[in-house]
Protein chains: 2
Amino acid sequence: MRPSPAVPPAPAASSPGAARGRTRLANNAWEAAFTAHSTLMRQFAAEDVWAGLSMREYDVLYTLSKCDTPQRLGDLSGHVLLSQPGLSRLVDRLVERGLVERCVDPKDARAANLTLTEAGRAVQRTVGRAHGASVAAAMTARLTDEELALLETLSLKLVSDPDSLPEEHP
Amino acid sequence: MRPSPAVPPAPAASSPGAARGRTRLANNAWEAAFTAHSTLMRQFAAEDVWAGLSMREYDVLYTLSKCDTPQRLGDLSGHVLLSQPGLSRLVDRLVERGLVERCVDPKDARAANLTLTEAGRAVQRTVGRAHGASVAAAMTARLTDEELALLETLSLKLVSDPDSLPEEHP
DNA sequence: GTTAGTTACATGCGTACGCATATAATCGGC
DNA sequence: GCCGATTATATGCGTACGCATGTAACTAAC
């Protein structure tokens with residue numbers, strides 16, 4: 001569903017003629033992927049594993065947990081679907097809860113340099129294990145190993161970065 | 001990425017032993033799909049095609065445009081990633097903007113029965129065409145026809161409904 | 001060294017959202 | 001036909017978000 005395809009039945013005319021089907025193919029794929037994402041997100045959000053965190057907040061903890069070096073706000077903003085001010089305040093809340101620390105970078109006093117506290121790391125691990133189990137249950141219930149691997153490959157390829165977007169007709 | 005996998009390196013022990021890899025496979029697939037979704041959503045949201053609508057608002061217009069019969073709030077709520085009160089107020093805004101009409105159902109006076117106005121249908125078509133073009137551009141730039149079809153198939157299968165969730169070990 | 005320009009983050013303000021709850025209509029049993 | 005239970009939607013309230021803008025720190029040209 002949703003912010004998805006929406007190319008109506010197509011007025012038939014215009015364009016190379018054969019590209020029509022390709023456009024529909026792309027939109028159908030996006031709508032299906034979008035719907036799947038929505039459905040799973042709703043399902044995961046309903047799980048009682050979040051320890052009072054929103055999924056976005058957990059997302060930040062998870063991202064930090066994967067980085068061994070301190071991250072700046074700007075680094076995280078590329079990974080989280082949230083505006084810069086939104087992310088700034090989200091981190092505020094995590095700091096207030098004692099899950100994240102804001103350290104000052106001696107090289108650049110415009111600050112940031114975020115690190116998980118021990119408590120933050122513990123919470124991430126706990127929530128991560130439970131959420132990971134939910135994810136695995138949902139995904140393996142319907143897809144085979146080959147399909148899972150294929151989905152990963154397609155998803156990675158879909159947002160790979162071959163110098164931004166290639167031309168329409170190179 | 002994000003509200004995604006997070007199953008850490010795995011403590012090795014426990015479980016059938018072979019299911020470990022399957023769990024990781026599932027979590028990797030989800031994380032990749034999640035990241036792709038995030039990236040594309042950000043990209044689509046940045047496009048200047050929304051005519052002052054949020055993507056969720058467009059989503060509702062799109063969903064309504066696909067239904068020939070009037071829809072109730074409850075029908076829509078299954079399709080949009082939004083709480084029932086949130087959807088109620090979102091529809092309020094669309095009604096205020098003259099894009100949607102709330103008619104009373106003679107069979108059930110608890111109301112709803114939402115329809116697109118002519119203006120609403122026009123806006124949906126305009127936005128839909130432009131958004132659909134963006135979607136097609138982004139998707140076809142990186143995936144072949146076969147891959148697009150495959151992605152659609154996998155996405156549909158991922159949320160197919162074989163009587164809810166099967167057992168862990170049937 | 002001073003200053004224009006840029007980068008990194010924070011804050012004010014209005015809006016949208018989720019949760020809990022209220023209201024209103026239909027349904028079932030009697 | 002009346003009353004509790006259920007369904008469908010709306011509202012109060014507190015929180016989170018995005019946009020525009022502010023503030024502080026770094027960079028560079030002179």
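Lettering of chains follows the sequences in order, A, B, ..., and the numbering in each one begins at 1.
Considering only heavy atoms from C-beta on, A:Leu158 comes within 4.5 Å of B:Leu151 through its side chain.
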List, with names and distances, any nitrogen or oxygen atoms from the protein found under 3.5 Å away from nitrogen or oxygen atoms belonging to nucleotides 7-11 of chain C.
residue, atom, partner, partner atom, Å
C:dT7, O2, A:Arg110, NH1, 2.7
C:dA8, O3', A:Arg72, NH2, 3.3
C:dC9, OP1, A:Leu73, N, 3.4
C:dC9, OP1, A:Ala111, O, 3.2
C:dC9, OP2, A:Gly74, N, 3.0
C:dA10, OP1, A:Arg102, NH1, 2.5
C:dA10, OP2, A:Ser88, OG, 2.5
C:dA10, OP2, A:Arg102, NH1, 3.2
C:dA10, N7, A:Gln84, NE2, 3.0
C:dA10, N6, A:Gln84, OE1, 3.1

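Ring centroids of A:His37 and B:Trp30 are separated by less than 6.0 Å, placing the two rings close together.
Mapping heavy-atom proximity under 4.0 Å, the span of DNA chain D touched by chain A runs 5' to 3' from D:dA16 to D:dC26.
Residues A:Leu81 and B:Ser38 approach most closely at CD1-O, 3.8 Å, considering heavy atoms.
Using a 4.0 Å cut-off between charged side-chain N and carboxylate O, B:Glu147 and B:Arg142 make no salt bridge. A salt bridge links A:Glu31 with B:Lys66; the closest basic N to acidic carboxylate O contact falls under 4.0 Å.
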Does the pair B:Asp108 and B:Arg110 meet the rule for a salt bridge (Lys or Arg N to Asp or Glu O under 4.0 Å), with working shown? CA-CA 5 Å; B:Asp108 187 340; B:Arg110 287 167 301 184; 2.8 Å; yes
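Inspection of the A:Ser77 and A:Gln84 side chains reveals no N or O donor paired with an N or O acceptor under 3.5 Å. If you check the side chains of A:Gln124 and A:Tyr58, you find a donor sitting under 3.5 Å from an acceptor.
The nearest heavy atom of DNA chain D to A:Ser54 and to A:Pro106 marks one nucleotide each, and the one closer to the 5' end goes with A:Ser54. A residue-by-residue look at B:Asp105 and B:Leu90 shows that B:Leu90 has its nearest nucleotide of DNA chain C further toward the 5' end.
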